[in-house]
Amino acid sequence: MSSELQLIHSEILECTKCDLHKSRTKAVPGEGPLDARIMFVGEGPGQNEDEQGRPFVGAAGKFLTELLESIGLKRSDVFITNIVKCRPPNRILCALGTPAINTLIGDEYSASRFHGKPLTKGEVTMLPMYHPAAALYDASLKETLLHDFQVLKQLLEKEETHSPSTPKSAERSGAKQTLEKWL
Ligand code: SF4
């Protein structure tokens, strides 16, 4: 690595210019040859990248490598980086009511079966819930919503502890797998 690039890497690894440095495990500078003819720029590090300090090392990275190979290139031929060098914290997305749940998670999900059960979809934790309006027509759903907001509170507390500590089972699961611990 050239001394110029080494200097930029060192600055990134120690950077504290924004709050993202607080939740990162490792900052993720780009990698690849300085004279690469192609540069790929992603959005930001995911969990695998955050843990390893290297860009595109998860499933998407493997697929990118396959795409490169499909045109006769190697990963080491290109420079790969992200706009943001530190992993943005996980986001929690609450889907209120079955129409929102179907749109955001999938048609096979419903509020009645999946409310209060977090799912992971990429870097986002999805929490299906009943729509608050439903409790206006069915008073029993008020208790259900209060319970599901306790689940939300616990998710927030987990995130605050340290976002990379999200349970491994959650990280592995796709949108189609619920977190057993919450069931
Ligand atoms: S995201 Fe960029 S600016 Fe923010 S701490 Fe990381 S390297 Fe520094």
Side-chain angles (χ1 to χ4, degrees), residues 1-71 73-96 100 103-105 118-128 149 151-175 177 179 181-182:
M1 191 187 302
S2 78
S3 56
E4 243 176 303
L5 195 57
Q6 187 66 58
L7 187 65
I8 295 170
H9 272 217
S10 306
E11 283 178 15
I12 291 171
L13 294 178
E14 291 166 13
C15 181
T16 55
K17 284 183 187 159
C18 80
D19 278 352
L20 291 183
H21 81 276
K22 293 179 186 165
S23 55
R24 75 184 175 210
T25 305
K26 291 180 180 172
V28 184
E31 65 180 27
L34 262 190
D35 59 352
R37 293 179 63 204
I38 303 169
M39 183 182 212
F40 287 93
V41 184
E43 182 184 357
Q47 189 206 336
N48 292 304
E49 291 76 17
D50 174 74
E51 284 172 2
Q52 297 182 39
R54 295 184 55 216
F56 282 82
V57 289
K62 283 195 184 102
F63 186 44
L64 178 61
T65 301
E66 275 178 45
L67 289 168
L68 287 167
E69 288 169 355
S70 75
I71 58 167
L73 291 173
K74 298 192 294 292
R75 185 184 159 108
S76 56
D77 293 331
V78 301
F79 197 95
I80 305 179
T81 190
N82 286 296
I83 301 170
V84 174
K85 312 300 183 199
C86 301
R87 184 190 186 197
N90 282 344
R91 198 168 288 142
I92 301 169
L93 200 158
C94 299
L96 300 174
T103 303
L104 295 170
I105 305 175
L119 316 158
T120 55
K121 193 168 186 178
E123 296 294 316
V124 181
T125 299
M126 319 279 282
L127 182 59
F149 268 74
V151 175
L152 176 59
K153 186 178 173 210
Q154 289 173 41
L155 285 173
L156 279 174
E157 286 167 357
K158 269 182 193 300
E159 297 279 325
E160 280 161 15
T161 307
H162 192 220
S163 58
S165 69
T166 305
K168 293 285 177 196
S169 58
E171 290 152 10
R172 279 197 303 272
S173 64
Q177 283 181 291
L179 289 176
K181 68 191 294 294
W182 295 97

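Atoms within a ligand are numbered from 1 in the order they appear, just like the ligands themselves. Numbering of residues begins at 1 and proceeds along the displayed sequence.
Side-chain atoms of Leu68 and Ile38, non-hydrogen and from C-beta on, never get closer than 4.5 Å to each other. Side-chain contact check for Val151 versus Pro118: some heavy-atom pair is nearer than 4.5 Å.
Of all atoms in ligand 1, numbered sequentially from 1 with element shown, those under 4.0 Å from a heavy atom of Cys15 are 3 (S), 5 (S), 7 (S), 8 (Fe). Within the listing of ligand 1, atoms 1 (S) sit less than 4.0 angstrom from a heavy atom of Val84. In summary, the atoms of ligand 1 found under 4.0 Å from a heavy atom of His21, numbered by their order in the structure, are 5 (S). With ligand atoms numbered from 1 in the order given, ligand 1 contributes 5 (S), 6 (Fe) to contacts under 4.0 Å with heavy atoms of Arg24.
Atom 6 (Fe) of ligand 1 has as its closest protein heavy atom Cys86 SG, 2.3 Å. The closest protein non-hydrogen atom to atom 4 (Fe) of ligand 1 is Cys18 SG, 2.3 Å.
Panel note: side chain Glu31, backbone Ile80; no donor-acceptor pair is recorded below 3.5 Å. Between the side chain of Glu49 and the main chain of Gly46, a donor-acceptor pair closer than 3.5 Å is present.
Annotation for Asn82 and Lys85: closest pair O-NZ, 2.5 Å, computed over non-hydrogen atoms.
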